[in-house]
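Remarks on the structure that follows.
Computed over heavy atoms, backbone and side chain alike; hydrogens, waters and symmetry mates excluded. Counting begins at 1 with the first residue of the sequence. All ligand and atom numbering here is 1-based and tracks the order in the structure.
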Amino acid sequence: MNMLNKKSSFLTVLIVACMSLFLAACGGADGAKKTGSDGGKKLVGGTEATFAPFESMNDKGEIVGIDVDVMNAIAAASGFGFELQNVGWEPVFQKITSGELDFGAAGITITDERKQTYDFTDPYYQANLVIVVKEGSPIKSVDDLKDKKVAVQINTTGHKAAQDLLGKSNTNISAYENQPTAMQQVRNGSADAAIGDNAVVFEYMKNNKNTGLKVIEDDKFEKEFYGFMVKKGNKEVLDLLNEGLKKIKENGELEKITGQKLE
Ligand code: ARG
């Protein structure tokens, strides 16, 4: 081989090496949108992260809580990757409908009304509503709420319960973007009571001492079950979630995370 040939074959190797590096880089960047680090599918979920212990932001700006832990376990069991975005409560629903999000993980109660537009996984947590009032309030039960000012998180089961009790367009109902803001209204006296999800209310009471608030439990509130939510007919994602959920129910992981035994 003469000098020229040697040189040109070296060049060829160099060009081929550069090209494959370039292609690998491109492939990686593009593929990352659709696949997780393990090569499996990568999903995008949405939540509203002022709902501790299910989802809240830690001081590093990460979303943490039971929903994140359950989703991590499901993803590991079912072999997919996911990213969770804190988009806000109503946007969770809108963005699943528009296809921007694959699923919702936000302590979402499975209801017949929602089932007309969305599909839910099997339940992963049992909950119920409770009432929050000021200590010394004359309100003792659900029946005492009728002519009172009630604060709720908008378009939640608590909102629906208030409408059923007071009438759908009763102006005594005020609806807020999140549950802590609804409870804040009772603290500052602009509402007589708030209705919210039990675990979240109790977590709020634990984290906010000396609020002068107390919790009333009433078994007139029906049992609720949380599920992960997808767009109606999105069988691909629903199956992935249910498959992992089934595994972590069977191996006891779910119970370990939630501290609750589901039948
Ligand atoms: N479980 C209630 C519902 O589905 C409230 C859920 C609110 N979740 C949240 N992340 N803010 O209506």
Worksheet entry | Gln179, portion touching ligand 1 at heavy-atom distance under 4.0 Å | neither
Discussion item. Less than 4.0 Å is my threshold; does some heavy atom of Asp197 fall inside it relative to ligand 1?
Written reply: yes
Item to complete: Answer with yes or no whether Lys160 contacts ligand 1, where contact means a heavy atom under 4.0 Å from a ligand atom.
Response: no
Practice prompt. Please answer whether the main-chain N or O of Ile74 pairs with a side-chain N or O of Ser78 as donor and acceptor at a distance below 3.5 Å.
Written response: no
Worksheet item: How close does the nearest protein non-hydrogen atom get to atom 11 (N) of ligand 1, and which residue and atom is it?
Response: Glu48 OE1, 2.7 Å
Item to complete: Could you list the atoms of ligand 1 found under 4.0 angstrom from a heavy atom of Ile108?
Response: 4 (O)
Worksheet item: Where does Phe54 meet ligand 1, judged by heavy-atom distances below 4.0 Å: at the side chain, the backbone, both, or neither?
Response: neither
Practice prompt. Just let me know how Arg114 lines up against ligand 1, side chain, backbone, both or neither, with a heavy-atom cut-off below 4.0 Å.
Written response: side chain
Item to complete: State, yes or no, whether a side-chain contact exists between Leu245 and Tyr124 at a heavy-atom distance under 4.5 Å.
Response: yes
Practice prompt. Provide, to 0.1 Å, the distance between atom 8 (N) of ligand 1 and the closest protein heavy atom, together with that atom's residue and name.
Written response: Ala106 O, 2.7 Å
Item to complete: Ignoring angles and geometry beyond distance, decide whether Trp89 reaches within less than 3.5 Å of ligand 1 through its nitrogen or oxygen atoms.
Response: no
Worksheet item: Does the side chain of Thr156 reach to within under 4.5 Å of the side chain of Lys160, using non-hydrogen atoms?
Response: no
Practice prompt. Please examine the side chains of Val64 and Glu55, heavy atoms only from C-beta on, and report whether any two atoms are closer than 4.5 Å.
Written response: no
Discussion item. Hydrophobic clusters here meaning ILVMFWY residues chained together by side-chain heavy-atom distances under 4.5 Å, can you tell me if Val201 and Phe221 are in one?
Written reply: no
Item to complete: Mark up the atoms of ligand 1 that fall under 4.0 Å of a heavy atom belonging to Tyr226, in ascending order.
Response: 1 (N)
Worksheet item: Taking both backbone and side-chain atoms of Asn155, is any N or O found less than 3.5 Å from an N or O belonging to ligand 1?
Response: no
Worksheet item: Is the gap between the ring centers of Tyr226 and Phe120 under 6.0 Å?
Response: no
Worksheet item: Is the side chain of Thr258 donor-acceptor paired with the backbone N or O of Gln260 at a distance under 3.5 Å, no angle test?
Response: yes
Worksheet entry | Ligand-side contact atoms (ligand 1) for residue partner Thr157, heavy atom cut-off under 4.0 Å | 2 (C), 3 (C), 12 (O)
Worksheet entry | salt bridge (charged side-chain N to carboxylate O under 4.0 Å, His left out) between Lys232 and Asp119, worked out | CA-CA 5 Å; Lys232 198 165 186 63; Asp119 284 331; 3.5 Å; yes
Discussion item. I need the nearest protein heavy-atom contact for atom 6 (C) of ligand 1: residue, atom name and distance, please.
Written reply: Gly107 O, 3.3 Å
Discussion item. Taking the side chain as everything from C-beta on, heavy atoms only, tell me whether Lys246 gets closer than 4.5 Å to Asp122.
Written reply: no
Practice prompt. Measure the shortest side-chain to side-chain distance between Ile96 and Met229 over non-hydrogen atoms and say whether it is less than 4.5 angstrom.
Written response: yes
Item to complete: Give the atoms of ligand 1, by number and element, whose distance to some non-hydrogen atom of Gln153 is under 4.0 Å.
Response: 7 (C), 11 (N)
Worksheet entry | Part of Thr109 within contact of ligand 1 (heavy atoms, under 4.0 Å) | both
